[in-house]
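Here's the structure, in structure tokens; my notes come after.
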Amino acid sequence: MADLSIDFCGVKSPNPFWLASAPPTNSGPQVMRAFEAGWGGAVWKTLGNPIVNVSSRYAAVDYGNTRMMGLNNIELITDRPLEDNLREMTEVKKRFPKHVLIASLMVETKEEWKEIIRRSEDTGADLLELNFGCPHGMCERGMGSAVGEEPKVLQEITSWAVEYAQVPVIIKLTPNTSDITEPGLAARAGGAHAVSLINTIKSIIGIDLDRMVPYPPVGDGSSNGGYCGPAVKPIALHLMGQLSRHPEFGLPISGIGGVSTWRDAAEFIALGATTVQVCTAVMHYGYRIVEDMIEGLSEFLDRKGMATVGELVGRATSSYKDWGDLDLNYKVIAEIDQEACIGCQLCYVACMDGAHQCIHLPGRSAEEALAAGHIHLPKPEHVPTRPTENRKGVPGSRIPYVDPVECVGCNLCSLVCPVPGCITMAAEDGGKPFESWNDRVARGDAIVPGGLACTINPSK
Amino acid sequence: MKYRLDSGRLEERFAEWKPAYTKAEAIAEANRCLYCSDAPCITACPTHIDIPTFIKKIASENVAGSARTILSANVLGYSCARVCPVEVLCVGKCVYNQWGRAPIQIGKLQRFAVETAWNEGARGLFPKPLPATGKKVALVGAGPASVAAAAQLALAGHKAVVYEKGALPGGLNTLGIAPYKMQASDALDEIEWVADLELVEFRCGVEVVERVSGDGQVAASSLLEEYDAVFLAIGIGGDAMLGASAGAGPAERVVGATEWIERIKGDAAYRLPSNVERAVVIGGGNTALDAAHELRVLGVPEVYLVYRRSETEMSGYAHELSAARKDGVKLVENRAPLSYAVENGELRGLNVAHASAGRPVEGTAELFPADFIVVAIGQDRARHTQLARLFPGVELDAKGRVVVDPATHRTGNRKVWSGGDCVNGGKEVVNAVEHAKIAVRDICNTLNGAHHG
């Protein structure tokens, strides 16, 4: 079994799975149950000066029968007395000395930062996480994402914290910024030991069309909230990747944003995270999900011949490239497994209306194909002979086929196919060497005929 | 106009086989639909309802739109949702079957859409009727083929007058459907929606005859004279009974299947005879299966389906047999009925012989004890063929079915079209609706002068 323990800024964690600062880390009894379930660390619900919350607070995006693809909230930092939180944090650390306890902090003045850092460290907290990310409520008071969006302010407060802190300081970044590398590098310049990202994204989840009030309704109104959950994972990976691949960055990263399974976690780690933080999936299914995360990641590392999580960190970072560096001569072509096909023809309609009209239905004449909207017909040698029915009993006439000449390898058919593995994208060896757009630019050959450039500069 | 049935009917004691979906259940099921392109379920529906589209509209909570999609293809979309053998039609063709996953419950979703839209008072569920043409069509028999045809004629601007001998419209859809699928009152509700169309008129209790000899009669010849077209949907007649050699049993204990089902559905005063302990249903078709299943649900302790051939040769649906068996019906294969066993005027049972290829084997006669016998061996077509022959030029085939051009459903009489059981020998409501669609299309073409026949 692979070793899941990790070292984050010199702090050892039994595994890379931490709970993010959120409702699942609101109290001592909760965090203790989480540690018993197997979570390696927990970032306590953000400490600060007392606030009041509203009701209701959460709203979600569903997709079909899938609940909570995305979640947003208008809840603020902890609404419990500071004394209670600090006492319980001390108890947790005493009872679980090998688990990682992280204090999440959000205050305003330099004096307040000094005070809250001292008191947090007194609990035995292993790390501090400065919450410069919360995008609702707190930012209107000059905290949270209001700090994260201003690199200079972020850098200054970071430097205060680093000055006062005895333990490593993590800066939690907001995604609500046009270029994540600016606050990322500002954190580094301020002396931060690590960053975590992303905090939630500013959002309005939807409108209650009966009440004409956005969700989640608070009486006759609502407010923009912070968006999280599986739907934000792609945004989180992108922003995290921007930092992890940046040559001047180089700090450890705790990845956050839609992590629900070991696979999500492995992806964040492969793109440069050392730990991941989880919230929405626990709010949906409970602490118990960590069992599969631990087992699944361990099995995965074994399968890949990696002995530690450390070997996985950043494995995919260098393959995150700019578009101009991609190989223009690489080509994939869709292949439909006729035995796996169930005959729904979603690939056909998607290709016809949403892509390049290169998926055909068997048994059609050229006239019928043209009447159906095809603009190019397959060569006879590319028309397969379909059986009367496949092994599943699907009539051969319902099993589409791909014209490999016209297929541009866009992936759409394989994405809409409801049967996993039925449509694969096979790489074709075109026999051409690697050539990127940037190569063409460097050669002075970056003109594609047929556009304005040809008209403006006919000599090309 | 409201068609009301007295309560206390035996059918009211039946629980629904497939209970209605709640809104949450319907949306969850609708969301499972893959929304296939050129979906096999549409092809499997005789009326070609755009099933994925109506399901998608349930998922988006556009229930009125969903009902509109259904009713635009099938004006009896509500009944069909309840009574169609979806297992062998749309649901049977769902691509999930091939994937080893549960198929979409299309019938239950269709019921949800139409029922919810009607209950919510949604407007404009039928297409907007065309302006009145002044043409009028007589429809003979008020079964599903006529009800569907009347609705579509009215929507096309033609006056539709339906003549029905019985007191209630709907034919077998009202009085022949197994009560665990749909009760007569629900069937009548649907007919109300059709009857509410301005150009539709039902004349129940009126018999079509050769020569009028009293009240409640109309001559076939006058229909041909007074109307621009006639649509014959006269069904396939009453129950056939065993031949004269079988003797006779006491009338209350030896009954024809459709007549008996009609009584449990429509006659509030009807009760089973006292002390029925062991009932026999003779036959192997869907009516026999329905009758046997219904007897068990009504509490008869032992119910046997006596069929002269083997299970694999039964014309009844396998899924209906398995459902009946689940409720305790027992199938006795390869037994030919010979005669009723009657002693001192009391029914003792049915004399049967072992059968080979459906024929009795000599020397194998035995008594199959029973105290109630339902005969479900087909229809006696005599009266109906007689009725058809009142329309000159209308031909019947050797089995007594009205001969039509399948592309138009026009008969040998240029003014007469026909559809439903009298044409196909007895199929589903959905087949009757499709006949009506084809016939009405041709009637409209003819009446509107698109072509001259």
Next on the checklist: So which atom in B:Ala26 and which in B:Leu109 form the shortest heavy-atom distance, rounded to 0.1 Å?
Outcome noted: O-CD2, 3.4 Å

Next on the checklist: Are there residues of residues 210-231 of chain A whose heavy atoms fall under 4.5 Å of chain B's heavy atoms? If so, which?
Outcome noted: none

Checklist entry - Do B:Arg410 and B:Asp405 meet the salt-bridge criterion of a basic N to acidic O distance under 4.0 Å? => result no

Checklist entry - Between B:Glu434 and B:Lys427, is there a salt bridge with N-O shorter than 4.0 Å? => result no

Item to check | Residue A:Val419 versus chain B: region with a heavy atom under 4.5 Å | outcome: both

Item to check | Pairwise side-chain hydrogen bond (donor to acceptor under 3.5 Å, both in side chains) hits with a residue in residues 381-405 of chain A, at least two apart | outcome: A:Gln338-A:Arg386

Next on the checklist: Please classify the contact between B:Ala39 and chain A as side chain, backbone, both or neither, with a heavy-atom cut-off of under 4.5 Å.
Outcome noted: backbone

Next on the checklist: In terms of relative ring orientation, are A:His374 and A:Tyr348 parallel, tilted or perpendicular, with 30° and 60° separating the classes?
Outcome noted: tilted

Next on the checklist: Check this for me, if you would: do B:Glu25 and B:Lys108 make a salt bridge, where the nitrogen-to-carboxylate-oxygen distance has to be below 4.0 angstrom?
Outcome noted: no

Checklist entry - Which residue pairs pass the side-chain hydrogen bond (donor to acceptor under 3.5 Å, both in side chains) test when at least one of the two sits in residues 75-104 of chain B, sequence neighbours left out? => result B:Glu16-B:Arg82, B:Lys18-B:Glu87, B:Tyr78-B:Arg82, B:Tyr78-B:Glu115, B:Ser79-B:Asn173, B:Ser79-B:Glu190, B:Arg82-B:Asp186, B:Glu87-B:His319

Next on the checklist: Suppose we screen for side chain to side chain contact (heavy atoms under 4.5 Å, CB included). Which residues come up paired with A:Cys407, at least two apart in sequence or across chains?
Outcome noted: A:Ile333, A:Ala334, A:Cys358, A:Val402

Item to check | Contacting region of B:Pro52 [heavy-atom separation from chain A under 4.5 Å] | outcome: neither

Next on the checklist: Below 4.5 Å, heavy-atom pairs only: which of A:Val349, A:Thr66, A:Asn65 has the largest tally toward chain B?
Outcome noted: A:Asn65

